[in-house]
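A short worksheet on the structure shown next.
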Amino acid sequence: MIPYVRELNFEYGVVDQVSPLIRRVVANNPSPFTYLGTGAYIVGRGEVAVIDPGPDLPEHLAAIRKAVQGERVTAIAITHHHADHSPLAGPLKAATGAVIYGCAVSGREQEDTGEVKMEAGHDHDFKPDVSLCGGGQVSGPGWTLEAIPTPGHTSNHLCYALPEENACFTGDHIMGWSTTVITPPDGDMTAYLASLETIRARGFSTLWPTHGPPIREVTPFIDAYIAHRQERIDQILLALADGPARIRDLVPKLYRDVDPRLHPAAARSMLAAIIHMERGGEIEAGGPPGPDTVYRLA
Ligand SMILES: [Zn+2]
């Protein structure tokens, strides 16, 4: 079982000091994908960075600007290009003159199947001023953010380490309240599992996801997260041991315990797991990747 953490005391639009170097303002965009909303993090004092400013909501921009009144926003760091993370980067830059850091996505995510409503959608306009696709740093007085490429949830996902607090901003890569959605072709389970190991190996004391509360028991949490993915893979293998099947049939069986609104997303994550197993030679596909393709054990 994943030791989920879901308790969060906050008020929409009101800034909270959540660690010596970190403040948080939560946007009023709750949903089955964003949990209570997007948590925009402000790092430092005087000259600050904003991580994942969030959706382009005027009242959220106003709340962030109010939180940093009398200070200078020098950097906007984006974890990935989903609509609940990056769209406010442009307006916040226009208001503050800050430089946008992140990794632009390649064309792959454009291939939406159309059948499944994706998460909160993609922010196709997202383009950083400084590309950190290969890693890199941005710093200010008393703080450093180190970009850690963590593809999986999306191909361009970055986590940001804050070495001064041995902490890491994990975006949607690792979240305390839920597992993350992996939607092929931009999402990739093989890359995702490797990226979990990347963060695990760093030995951070605290993880700060964009949605929900921080994770303080980091290593046991990531271990459980990895074990959960392996369980899902084992369930699929077990189900296919009964005979060939389609994702459309497997999801209601294997995700009985999950909110049905999330079943389409679960189908995408199952597809990601199946593609991963196909690569590993464990599963064979009777057609192109999709919900109606018949899969069988290899
Ligand atoms: Zn996302």
Side-chain angles (χ1 to χ4, degrees), residues 4 24 26-41 50-57 60 76-90 100-113 116-128 132-133 147-160 168-189 191-193 195-196 198-199 207-215 225 229 258-259 261-273:
Y4 289 115
R24 180 183 57 216
V26 181
N28 196 347
N29 63 333
S31 82
F33 293 106
T34 62
Y35 190 38
L36 301 164
T38 300
Y41 291 107
V50 175
I51 298 173
D52 280 358
D56 186 1
L57 300 172
H60 186 51
I76 299 166
I78 301 295
T79 61
H80 65 298
H81 70 295
H82 279 160
D84 52 326
H85 294 255
S86 55
L88 198 60
I100 300 173
Y101 296 82
C103 178
V105 78
S106 64
R108 278 198 299 155
E109 48 54 74
Q110 310 282 352
E111 311 161 28
D112 206 320
T113 62
V116 176
K117 173 89 180 73
M118 302 280 225
E119 201 164 347
H122 299 285
D123 173 14
H124 294 293
D125 297 332
F126 173 63
K127 218 176 176 336
L132 297 178
C133 295
I148 307 172
T150 42
H153 172 65
T154 61
S155 58
N156 65 337
H157 196 288
L158 300 174
C159 291
Y160 292 93
C168 187
F169 299 94
T170 51
D172 284 357
H173 179 49
I174 301 172
M175 300 185 286
W177 76 281
S178 170
T179 57
T180 197
V181 177
I182 315 278
T183 60
D186 193 44
D188 185 309
M189 189 65 75
Y192 182 68
L193 292 169
S195 294
L196 288 179
T198 300
I199 296 301
L207 306 182
W208 295 94
T210 298
H211 309 283
I215 298 157
Y225 232 48
R229 293 293 175 179
V258 170
D259 183 340
R261 289 177 298 175
L262 296 177
H263 280 188
R268 304 300 292 179
S269 285
M270 186 181 287
L271 177 61

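Order of listing sets the numbers, starting from 1, for every ligand and every atom in it. Quick note: numbers below take in every heavy atom, side chains included, and nothing from hydrogens, waters or symmetry partners.
- Proximity of a side-chain donor or acceptor of Thr170 to a complementary backbone N or O of His173 within less than 3.5 Å is not detected.
- The atom name of the N/O/S atom in Asp172 closest to the Zn ion (ligand 1) is OD2.
- Interatomic distance, His211 NE2 to His85 NE2, rounded to the nearest 0.5 Å: 3.0 Å.
- Within the coordination shell of the Zn ion (ligand 1), defined by N, O or S atoms under 2.8 Å, His157 is absent.
- Side-chain contact, Asn29 with Thr38: a donor N or O sits under 3.5 Å from an acceptor N or O.
- Cysteines Cys168 and Cys159 keep their SG atoms at least 2.5 Å away from one another.
- The Zn ion (ligand 1) is closest to atom ND1 of His82 (considering only N, O or S atoms).
- Among the backbone and side-chain atoms of Asp84, no N/O/S atom is found under 2.8 Å from the Zn ion (ligand 1).
- For His85, every N, O or S atom stays at 2.8 Å or more from the Zn ion (ligand 1).
- Residue His80 holds its NE2 atom at 10.5 Å from CZ of Phe126, rounded to the nearest 0.5 Å.
- Taking the Zn ion (ligand 1) as the corner point, the angle from His153 atom NE2 to His80 atom NE2 is about 100° (rounded to 10 degrees).
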